[in-house]
Amino acid sequence: MEKRLRIKTILAAKPLDREIEIHGWLKSKRESKGLAFLDITDGSTLAGLQVVADESLSNFTTDVARLTTGCSVAVRGLLVASPAKGQEVELHARQIRVHGWAPPDSYPLQKKRHTFEFLRSVAHLRGRTNSLGAVARVRSRLSWAIHLFFQQRGFFQIHTPIITTSDCEGAGEMFTVTALDLDRLPRNDAGSVDYSLDFFGRPASLTVSGQLEAESYALALGNVYTFGPTFRAENSNTSRHLAEFWMVEPEMAFCDLEDDMDLAEEMLKFLIADCLANCGAEMDLFARFIDKDLPARLDNVLQHPFVRLSYTEAVKELQNCGRSFTFPVAWGIDLQSEHERYLAETLCGRPVIVTDYPQSIKPFYMRCNDDGRTVAAMDILFPGIGEIIGGSQREERFAQLKERMEQAAIPLENYEWYLDLRRYGTAPHAGFGLGFERLIQFVTGMGNIRDVIPFPRTPGSSTI
Ligand code: 4AD
Ligand code: MG
């Protein structure tokens, strides 16, 4: 007898007329004429397995008849071809054991459609629903596909630190990490906190990006990537922002902006195609219940090259399009989400890569273009999402980088190691960061970023 068989394996292999044992949770139950039909799911796949139980089971009235949605059970029985419509196989139970009850008067997940908002309030249970379970499986597959993509191309994964003393994006949106007693902070003569007495002897934070450390290893191993959690203390309460999100950041030596964009486009297409090929049932569910236009939108991304547009051209398009935006458009502004969405959704109707932004609105590490006022930056804007990737060619010239850092008032003493990368064997290099949750949003059609990460962290929220 095969124990602990997963339903996914059973449905794929259909080991008919064999005794097997499964474990899972009851989704629903139907009773008729001394028979109980149990729809059991074990999370391995969207589909459930139908279990047929009859009164000959010794615990039919004491246990089986009392089962409700959410109870967990072990079922031993014979897998047979199903005579009824709706499923190819069913399990005729010879023994049913109850692992755990789920009292219907208190179990929050009943067999009906719950709103995503409600499900967020039971984040520890919502993975058991069809939609959030499907998101979790897609998330796992996309994570794996990221490794596949880079490993197949000879990239090395670098584990960049989570605790850091550098502010990569220079935006000051970092969460402090300290071992000081917050009720009794040591002060220096000037009255500020004396971080020399803190754990690291200076201020430390959670990383906003692994890029700077990835650059160091790109300039040693050539092509590398880092994929991990990043943290931003920005007070953005939108359906696209999290305080803790995952980012994929490749970094390549001897690489310019053009190569960088090519890789980003290839990667996004690879990831979407991989998900379509490996998560068929989940993708069908999203198309049916979340967004009926999803298949067409994904196909549109796969079929066409991304539009490439300079920031200066994008600004002209926005100024001449005849729309009035909440944030007025002028050369030098940072593009707002309404502008990004106009470009991707209305102007181009597909992903757009906007390049060569003004230096003044981008971080210090981006390479200055010959015009002296723009940098070799690129943002990839997706319909319905806005910015999904931000990247650039890095400033590899020592003098230019140092000048930029001084202008930006960056404390050079903390970044000597970063300058060393330009002092010794510097090389042109480039990379980008993909917001993993925004990718999952695009692939699944889920409207709110809080629903594509198991336990979302957002301003003011503190569940689990
Ligand atoms: O554009 P960002 O800030 O770029 C960087 O951090 C670079 N250091 C990346 C690099 O070149 N290696 O962030 C990259 C991406 C954005 O395009 C967006 O998709 C996502 O990360 N992102 C967020 N996702 C969810 N919540 C937030 N608060 C996010 N901030 C950025
Ligand atoms: Mg950005």
Side-chain angles (χ1 to χ4, degrees), residues 150-151 153-172 174 177 195-196 200-228 230 247-264 355-357 359 362-378 390-434:
F150 287 112
Q151 298 284 339
R153 284 160 185 73
F155 283 64
F156 299 100
Q157 184 189 9
I158 305 297
H159 292 118
T160 51
I162 298 210
I163 300 177
T164 172
T165 53
S166 27
D167 180 0
C168 174
E169 297 305 294
M174 307 186 75
V177 173
Y195 283 103
S196 69
F200 300 105
R202 54 180 160 153
S205 315
L206 294 178
T207 188
V208 296
S209 157
Q211 176 198 320
L212 303 186
E213 293 89 349
E215 279 185 59
S216 134
Y217 269 78
L219 294 170
L221 306 190
N223 293 338
V224 302
Y225 68 105
T226 175
F227 181 18
T230 52
M247 197 170 12
V248 186
E249 296 181 275
E251 192 68 34
M252 294 153 288
F254 315 111
C255 172
D256 62 17
L257 191 66
E258 198 73 18
D259 305 325
D260 199 32
M261 291 190 283
D262 291 346
L263 184 83
T355 62
D356 305 296
Y357 283 77
Q359 186 183 58
K362 288 291 185 188
F364 68 90
Y365 54 72
M366 295 191 177
R367 192 180 197 279
C368 191
N369 286 328
D370 291 342
D371 62 13
R373 57 180 206 149
T374 61
V375 286
M378 63 109 170
S392 67
Q393 188 172 337
R394 320 307 188 188
E395 184 56 82
E396 86 285 11
R397 298 162 297 185
F398 179 85
Q400 280 88 338
L401 179 62
K402 187 153 179 269
E403 195 187 322
R404 267 312 293 288
M405 293 175 84
E406 282 164 353
Q407 279 168 2
I410 288 171
L412 291 189
E413 64 278 12
N414 287 352
Y415 293 81
E416 283 304 330
W417 68 271
Y418 189 68
L419 286 163
D420 267 357
L421 303 174
R422 279 72 180 169
R423 282 189 186 102
Y424 311 123
T426 191
H429 62 290
F432 62 80
L434 164 70

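Heavy-atom minimum distance, S166 versus E213: OG-OE2, 4.2 Å. Closest of all the heavy-atom pairs between Q359 and C368 is NE2-SG, 3.5 Å. Considering every non-hydrogen atom in both S205 and M174, the closest pair reads CB-CE, 3.5 Å. Closest approach of A377 and M366 over heavy atoms only: CB-SD, 3.4 Å. When all heavy atoms are compared, the tightest approach of F432 to P250 is O-CD, 3.0 Å. Minimum interatomic distance between A264 and M378 (heavy atoms only, all atoms of both residues): CB-CE, 4.0 Å.
In this structure, D167 and Y415 have side chains that are in contact, with non-hydrogen atoms separated by less than 4.5 Å. Residues R367 and S392 are not in side-chain contact: their nearest non-hydrogen atoms beyond the backbone lie 4.5 Å or more apart. The shortest distance between side-chain heavy atoms of Y365 and E169 falls below 4.5 Å.
Note that CE of M252 and CD of Q393 are 10.0 Å apart. Values are rounded to the nearest 0.5 Å. Expressed to the nearest 0.5 Å, how far CG of D259 lies from CG of D262 amounts to 6.5 Å.
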*Test side chain to side chain contact (heavy atoms under 4.5 Å, CB included) on F364 and E395 and set out the steps.*
CA-CA 8 Å; F364 68 90; E395 184 56 82; over 6 Å; no
_Quick one, W417 with L212, criterion side chain to side chain contact (heavy atoms under 4.5 Å, CB included). Give me CA distance, side-chain angles, the key distance, then yes/no._
CA-CA 10 Å; W417 68 271; L212 303 186; 3.6 Å; yes
*Would T160 and T207 satisfy side chain to side chain contact (heavy atoms under 4.5 Å, CB included), going step by step from the backbone distance to the final call?*
CA-CA 9 Å; T160 51; T207 188; over 6 Å; no
*asked:* Please determine whether side chain to side chain contact (heavy atoms under 4.5 Å, CB included) holds for the pair L412 and M405, giving the CA-CA distance in whole Å, both sets of side-chain angles, and the decisive distance to 0.1 Å.
replied: CA-CA 7 Å; L412 291 189; M405 293 175 84; 3.6 Å; yes
Please table the atom pairs, donor to acceptor, closer than 3.5 Å between any side-chain atom in residues 215-224 and protein atoms at least two apart or in another chain.
residue	atom	partner	partner atom	Å
E215	OE1	Y418	OH	2.9
E215	OE1	R422	NH1	3.4
E215	OE1	R422	NH2	2.8
E215	OE1	H429	NE2	2.7
E215	OE2	Q211	NE2	2.9
E215	OE2	Y418	OH	2.7

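In this structure, T226 contributes its side chain and I158 its backbone to a donor-acceptor pair below 3.5 Å.
Shown are D356, N369, T355; of these, the side chain to side chain donor-acceptor pair (under 3.5 Å) with T374 is made only by N369.
More than 12 heavy atoms of other residues, nucleotides or ligands shown are found within 6.0 angstrom of CZ on F200.
Taking a cutoff of 4.0 Å between a charged side-chain nitrogen and a carboxylate oxygen, E416 and R423 qualify as a salt bridge. With respect to R394 and E396, no salt bridge is recorded, no charged nitrogen being found less than 4.0 Å from a carboxylate O.
Considering only residues two or more places apart in sequence or on other chains, R202 meets the side chain to side chain contact (heavy atoms under 4.5 Å, CB included) condition with T165, N414. With sequence neighbours excluded, the residues that form a side chain to side chain contact (heavy atoms under 4.5 Å, CB included) with Q157 are H147, Q151, H159, Y225.
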